[in-house]
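Order of the sequence lines sets the chain letters (A, B, ...), proteins ahead of strands, with each chain counted from 1. As the structure is a computational prediction, the values presented were derived from the model and not from experiment.
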Amino acid sequence: MGTENKNTPARSAGGEEKKSLNFIESIIEEDLKNNKNNSVVCTRFPPEPNGYLHIGHAKSICLNFGLAQKYNGKTNLRFDDTNPEKEEVEYVESIKEDVNWLGFNWEGEARFTSDYFDQLYEWALKLVNTGFAYIDDQASEEISKQKGTPTQAGIESPYRNRLVEENLDLFTRMKNGEFKNGERVLRAKIDMASPNMHMRDPIIYRILHKEHHRSGNKWCIYPMYDFAHGQSDYIESITHSVCTLEFEVHRPLYDWLLNHLYTEGTIRPRQIEFARLNLSYTIMSKRKLLELVQKNLVSGWDDPRMPTISGLRRRGFTPASIRKFADIIGVAKRDNVIDVALLEHSLRDDLNKIAPRVMAVLNPLKIVITNYPEDKEEWLKIENNPEDESMGTREMPFSREIFIEQDDFMEDAPKKFFRLAPDKEVRLKAAYIIKCEEVIKDDKGNITELRCTYDPDSKSGSGSEASKRKVKGTLHWVSVKHAINAEVRLYDRLFNDEDPAGHKEKDFKEFINSDSLKVLNGCKIEPGLKDAKPESKYQFQRLGYFCVDRRDSKPDNMVFNRTVPLRDSWSKINK
RNA sequence: UGUCCGAUGGUGUAAUUGGCAACACAUCUGAUUUUGGUUCAGAAGAGUCCAGGUUCGAACCCUGGUCGGACAGCCA
């Protein structure tokens with residue numbers, strides 16, 4: 001387990017470096033010190049199965065599972081499935097897959113709030129019996145009107161003081177299906193004048209004649225989030241219920257309910273809120289992501305441009321890079337916007353260490369090496385990863401005709417252009433030094449081919465004087481005869497605005513980057529890539545990190561996705 | 001004329017709880033490099049939202065402001 005130190009390493013008494021705690025860790029350590037909850041730590045990740053997980057959820061996942069790991073605790077996976085109108089099994093499966101892929105294992109089986117419906121109903125009955133909940137017959141508009149506004153107290157419902165017996169009878173009949181959707185609700189009796197809107201007699205049960213993806217038609221009343229979440233935490237003995245900031249105002253209700261249902265001596269969960277992740281050039285709202293999918297603006301939830309976990313996965317992100325990212329962005333309570341560059345940094349950092357180097361030419365330009373024998377071919381030895389010797393070497397075929405990148409040749413090259421130009425020399429990586437002798441063009445003036453000569457004594461690694469010669473540039477290349485054709489998809493950020501969802505007057509879709517996907521066909525890759533497995537990751541030397549697309553790549557028609565380009569200081573100079 | 005939460009370089013997070021504001025990303029130099037990658041060395045960039053106060057000493061404590069966010073679903 002690598003414990004990367006990020007922030008100022010505080011010196012502990014022993015003198016070894018210690019990472020400073022985030023505010024949640026501080027709370028937990030304080031609890032541990034006080035032996036609260038028998039010094040047990042149990043967290044949970046509680047998604048509603050109504051969509052795919054995204055990078056924002058990844059932050060929460062890493063936080064919740066990370067906290068438990070750090071303090072020797074457990075983490076539950078719980079599907080918060082109290083609204084059958086929005087939830088589907090498809091999402092349950094994808095969520096499980098994504099959490100696992102990120103590298104986390106939840107405690108026992110996945111849980112479902114719907115498994116607690118009986119208990120929740122019992123607790124609702126208890127509130128009714130103790131006079132803390134009542135049935136309201138009013139229509140939703142009426143109730144909403146009486147609720148007041150944040151700056152104005154609400155007024156009490158005419159049904160607020162119903163007798164317990166009547167409430168009990170009506171609630172039972174609600175449960176038995178005697179009423180239609182919206183005809184009645186169960187409300188907690190708290191305080192219509194509370195400055196906190198959530199305490200103004202919140203609705204805790206509503207009628208919904210709708211089949212549930214798990215409980216089927218057993219129920220036609222469903223608990224609201226507020227009545228389900230805290231109690232589910234309580235049922236599962238969650239000690240620290242970590243959620244995002246928008247639930248802060250719900251906390252008094254969370255605590256109020258627990259106060260009425262809590263049994264002395266049991267583990268009492270505590271809600272802690274942190275600021276959700278915002279990423280520049282990205283949208284995070286499930287609703288908007290769904291819109292992109294539904295309007296076919298992307299190919300699906302796992303489109304490599306999507307910030308979904310499945311999208312990042314297909315793009316070629318590694319779980320480790322996402323975990324690292326979650327670690328370095330930290331956890332706090334202030335609103336934040338994290339620069340996507342930071343995500344890309346942790347991606348490259350990981351890929352640089354693990355991705356084998358490979359040669360691929362995206363926009364091929366043919367070179368004929370005129371003094372290289374027609375029928376000769378050599379297999380040249382080349383390292384797989386200069387960062388990691390243990391990854392060994394491989395052999396690559398070299399011959400008279402090779403492809404180089406179109407960008408690597410310029411007829412009228414500026415001084416700083418370290419690549420091939422007429423009469424200039426360049427090294428072919430792991431091969432020979434070549435010199436450009438002639439430029440062949442078609443009748444329109446397009447460059448179609450280059451004629452070069454090579455220096456036979458300059459072979460890489462041969463130890464000869466010529467092999468040690470310093471030439472300005474080193475190019476990647478692929479032998480024409482041996483190259484495999486491939487499709488390469490170049491992905492760029494989906495939006496060209498830093499905050500696509502942050503414009504009041506404009507729809508976020510107006511900021512979609514029309515160049516976010518470029519499909520290149522006829523790319524030339526080295527023959528060793530023939531058996532590359534779906535999702536395997538490579539560095540296309542001098543270009544970037546690429547992976548075999550897990551959906552569309554076929555053995556006879558390979559498809560690579562560009563995960564992220566290499567940092568490119570040349571393009572900056574070039575501007 | 002509400003309640004709650006927040007405010008530290010461009011961005012994000014720290015500051016061992018009152019002791020010279022640090023780390024990462026981004027930016028810019030330079031070195032190394034058979035990847036214009038990596039690595040290494042370095043630079044610049046905040047005096048901690050504002051105004052008072054307490055203190056030998058305040059990013060941290062107190063008072064009063066300012067600005068930003070959340071809350072008016074039978075969504076979660």
Judged by nearest nucleotide, the residue sitting upstream toward the 5' end of RNA chain B, A:R542 or A:F23, is A:F23
Nearest to the side chain of A:I573, heavy atoms from C-beta on, is which of B:A15, B:A26, B:G36? B:G36
Do the ring planes of A:F112 and A:F79 sit parallel (below 30°), tilted (30 to 60°) or perpendicular (above 60°)? parallel
Nearest-neighbour nucleotide for the A:L342 side chain, B:G37, B:C25, B:G36 considered: B:C25
Inspect the contact between A:E383 and A:K429 and indicate whether a charged nitrogen and a carboxylate oxygen are less than 4.0 angstrom apart. yes
If you assign each of A:D339 and A:S467 to its closest nucleotide in RNA chain B, which residue comes earlier from the 5' end? A:D339
Looking at A:E387 and B:U39, is any side-chain donor or acceptor paired with a base atom of the opposite kind under 3.5 Å? no
Would you state whether a donor and an acceptor, one from the side chain of A:R348 and one from the base of B:G37, lie under 3.5 Å apart? no
Atom CG of A:L347 and atom C1' of B:C25 are separated, to the nearest Å, by 14 Å
Each stem that RNA chain B is part of, given as range with range (3 or more consecutive Watson-Crick or G-U pairs, under 3.5 Å): B:2-7 with B:66-71, B:10-13 with B:22-25, B:27-31 with B:39-43, B:49-53 with B:61-65
Which nucleotide wins on minimum distance to the side chain of A:K572, given the candidates B:G6, B:C28, B:U34? B:C28
Mark up nucleotides 68-76 of chain B, 5' to 3', with B wherever a protein heavy atom is under 4.0 angstrom from a base atom, S wherever such an atom reaches only the sugar-phosphate, and - elsewhere. -SSSB-BBB
